[in-house]
Amino acid sequence: MTPRKIIIDTDPGQDDAVAILLALASPEEIDVLGITCVAGNVPLDLTSKNARIVCELAGRRDVKVFAGCDRPLGRDLVTAEHVHGKTGLDGPDLPDPTMPLAEGHGVDFIIELVRAHPAGSVTLCPLGPLTNIATALQKAPDIAEKVQEIVLMGGGYFEGGNITPTAEFNIYVDPHAADIVFKSGIPIVVMPLDVTHKALVTKPRNDAFRAIGTPVGVAVAEMTDFFERFDKEKYGSEGAPLHDPCVTAYLINPDLFKGRHINVEIETQSELTMGMTVADWWGVTDRAPNALFVGDLDADGFFALLTERLARL
C-alpha cells in the first residue's frame, strides 16, 4: 500500500503532539509532507514552537514546520491554557527546538503542495481551528477539487460541547472557517467529541506508554498525566481523552472507527450556540450529506496501535 500523503494542520496541545508522533511513527501508511501551525490551544508563536519540539522529540528535524494564521477569520482568538497549561505542552520537560521554522506562510504551503501533486493525492488533517484550511480555500478555490479528503478533529453532537454547552473548542474558535470547510465539497471525515471521549487514557494505558521506556514514551505519559487532571475534574472520567490521535489512527486503520455519512452544518449566527456542529444524525432534514461523522471506536485496538507505534520512535 502506498503511504497516504498528508499535511498536518495543528495547534499543539498535548493530544496534537501525540497525533503528530503517531503519524511520524507510521511511514508505511502515512507520508507527512509538512506541518502547518495555527493559533488555537495557545497563540501561534507557541503552537509553531511546540510542533518543532515534537518533531525533534521524534528525531525528525527534516519535517517542514510552517507558521500559519495567528487569529480566526472574524473573531478574537480564544485559547485553552486552562486545559493545556501556559506552554500548551505542559507536563514533560522538553528542550526548546533548534530546528527553524520553514520559510513562508502555512497557507501558501498548503496551496502550493496541493497544486503540485496529482488531484486526489493529498489529505489535509486539521487538529485545531480550521483557519488555515479555510484561508487556503478562500485564496485558492481551485484546490478544493484536488484535495483527496479532509480528516479533522472537531465538533460534537450527542456529547455537546467542551468550551460552551453546544460547541467543541476547535470549531468554536473559528466557526466561520469551519463553515467554509464544511461547505467546500471536499470529502470530510469528522472525529467529534462523540468518539474522542471514548479514547480515554486510563491508568493502565498510560502505564503502557511509560513502560516503553524511551524519551517519547515517557514524554507522552507525562503529557497525558498533566492533560487528564482537567477532564477528570470536569467529566469525572477515568482519564484524558486523546482527541487528535483519532485522526491519525483513522488514516492508519479506519476499521477501528464507525460513523455515518450525514449532513453537518456550522452555527455562525447565534452567540448562544456559536460553533455548534448541527449533525443530522437521524436524517430528519433533506440537507445533503457532506461528512462522515464518526461516533464510535475500538478503544483497545486504538491504544494497542498507539503504544506499538510510539515504541518505534
Side-chain angles (χ1 to χ4, degrees), residues 2-11 16 19-20 23 29-40 44 47-48 51 63-75 101-155 170-171 173-191 244 247-248 250-251 254 261 263-266 268 277 287-294:
T2 305
R4 227 168 139 167
K5 297 181 184 299
I6 73 167
I7 299 171
I8 297 174
D9 187 69
T10 181
D11 62 338
D16 303 71
I20 294 167
E29 295 91 0
I30 296 173
D31 178 10
V32 179
L33 301 175
I35 296 174
T36 53
C37 301
V38 67
L44 181 65
T47 63
S48 54
V63 177
K64 292 181 178 179
V65 178
F66 293 82
C69 297
D70 65 356
R71 68 195 67 185
L73 295 184
R75 294 168 66 81
L101 277 171
E103 290 187 17
H105 196 284
V107 168
D108 294 328
F109 172 73
I110 292 169
I111 294 168
E112 289 162 11
L113 207 75
V114 171
R115 283 176 171 170
H117 283 78
S121 64
V122 176
T123 295
L124 304 181
C125 300
L127 309 178
L130 290 163
T131 315
N132 285 340
I133 309 300
T135 303
L137 289 168
Q138 286 183 315
K139 192 172 181 180
D142 59 286
I143 68 170
E145 61 186 25
K146 294 197 72 176
V147 173
Q148 178 180 356
E149 194 170 47
I150 294 174
V151 184
L152 68 91
M153 189 277 135
N170 288 343
I171 306 298
V173 169
D174 200 341
H176 302 94
D179 187 49
I180 290 168
V181 170
F182 276 83
K183 289 176 176 172
S184 68
I186 299 169
I188 297 174
V189 178
V190 185
M191 296 291 162
D244 295 329
V247 168
T248 319
Y250 176 85
L251 296 175
H261 195 230
N263 180 269
V264 181
E265 300 285 335
I266 310 298
T268 60
T277 43
R287 295 194 290 266
N290 62 348
L292 175 65
F293 201 78
V294 178

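Everything numeric here is computed off the predicted structure, so don't read it as measured data.
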For a quick test of reading the model, state the closest non-hydrogen atom pair linking L44 to G68 and the distance between them.
CD2-O, 3.2 Å
List in chain and number order the residues that pass salt bridge (Lys or Arg N to Asp or Glu O under 4.0 Å) with E29, two or more places apart in sequence or in another chain; answer none if no residue qualifies.
R309
Non-hydrogen side-chain atoms of I180 and L73 separated by less than 4.5 Å
yes
Between the CD1 atom in I150 and the OG atom in S184, the distance rounded to the nearest 0.5 Å is 5.0 Å
Between N290 and V264 (side chain of the first, backbone of the second, donor and acceptor by atom type, cut-off under 3.5 Å), is there such a pair?
yes
Heavy-atom closest pair, residues A51 and V65
CB-CG1, 3.8 Å
Member of I8, V151, V147, I7 meeting the side-chain contact (heavy atoms from CB on, under 4.5 Å) criterion with T123
V151
Under the rule for salt bridge (Lys or Arg N to Asp or Glu O under 4.0 Å), what residues qualify as partners of K5, not counting sequence neighbours?
D31
If I compare all heavy atoms of A102 with all of K64, which pair ends up nearest, and what's the gap?
CB-CB, 4.3 Å
Test side chain to side chain donor-acceptor pair (under 3.5 Å) on T268 and D179; report intermediate values, then the result.
CA-CA 8 Å; T268 60; D179 187 49; 4.9 Å; no
Just verifying a value: how many Å separate I35 CD1 and C125 SG, rounded to the nearest 0.5 Å?
11.0 Å
Result for side chain to side chain donor-acceptor pair (under 3.5 Å) between T10 and one of D244, N132, D16 points to D16
Side-chain touch L124/D9, heavy atoms, less than 4.5 angstrom:
no
Any side-chain heavy atom of T47 within less than 4.5 Å of one from V38?
no
Sequence neighbours excluded and cut-off under 3.5 Å, please list the side-chain donor-acceptor pairs for residues 134-141, or say none.
from	atom 1	to	atom 2	distance (Å)
T135	OG1	T131	O	2.7
K139	NZ	D108	OD1	2.5

Begin with the C-alpha distance, continue with both residues' side-chain angles, and end with the deciding distance and a verdict on side chain to side chain contact (heavy atoms under 4.5 Å, CB included) for L130 and D174.
CA-CA 7 Å; L130 290 163; D174 200 341; 5.9 Å; no
Which heavy-atom pair separates F182 from I188 by the least distance, and what is that distance?
CA-CD1, 3.8 Å
When rounded to the nearest 0.5 angstrom, what distance separates CG in L113 from OG in S121?
8.5 Å
Please report the C-alpha distance between V190 and T277 in whole Å, then the side-chain angles of each, then the deciding distance to 0.1 Å, and finally whether the side chain to side chain contact (heavy atoms under 4.5 Å, CB included) criterion is met.
CA-CA 10 Å; V190 185; T277 43; over 6 Å; no
Residue pair M153 / V247: nearest heavy atoms and the distance that separates them
N-CG2, 3.5 Å
In plain terms, say whether D142 and K146 are close enough for a salt bridge, that is, a side-chain N and a carboxylate O under 4.0 Å apart.
no
Could you report the tightest heavy-atom contact between A39 and D11, atom names first, then the distance?
C-CB, 4.5 Å
Pairing residues for E149 by the salt bridge (Lys or Arg N to Asp or Glu O under 4.0 Å) criterion, not counting sequence neighbours
R4
Please round to the nearest 0.5 Å and tell me the distance separating atom CG of L251 and atom CD1 of I6.
5.5 Å
Might you confirm whether atom CZ of R75 has over 12 heavy atoms from other residues, nucleotides or ligands at distances under 6.0 Å?
yes
Contact check, side chains of P3 and I30, non-hydrogen atoms, under 4.5 Å:
no
Go through the structure and list residues passing salt bridge (Lys or Arg N to Asp or Glu O under 4.0 Å) with R287, not counting sequence neighbours.
none
Measure the CD1-CD1 distance between I111 and I143 for me, rounded to the nearest 0.5 Å.
5.5 Å
Pairs where residues 108-133 contributes a residue and the test ring-ring contact (aromatic ring centres under 6.0 Å, His included) is met, not counting sequence neighbours:
F66-F109
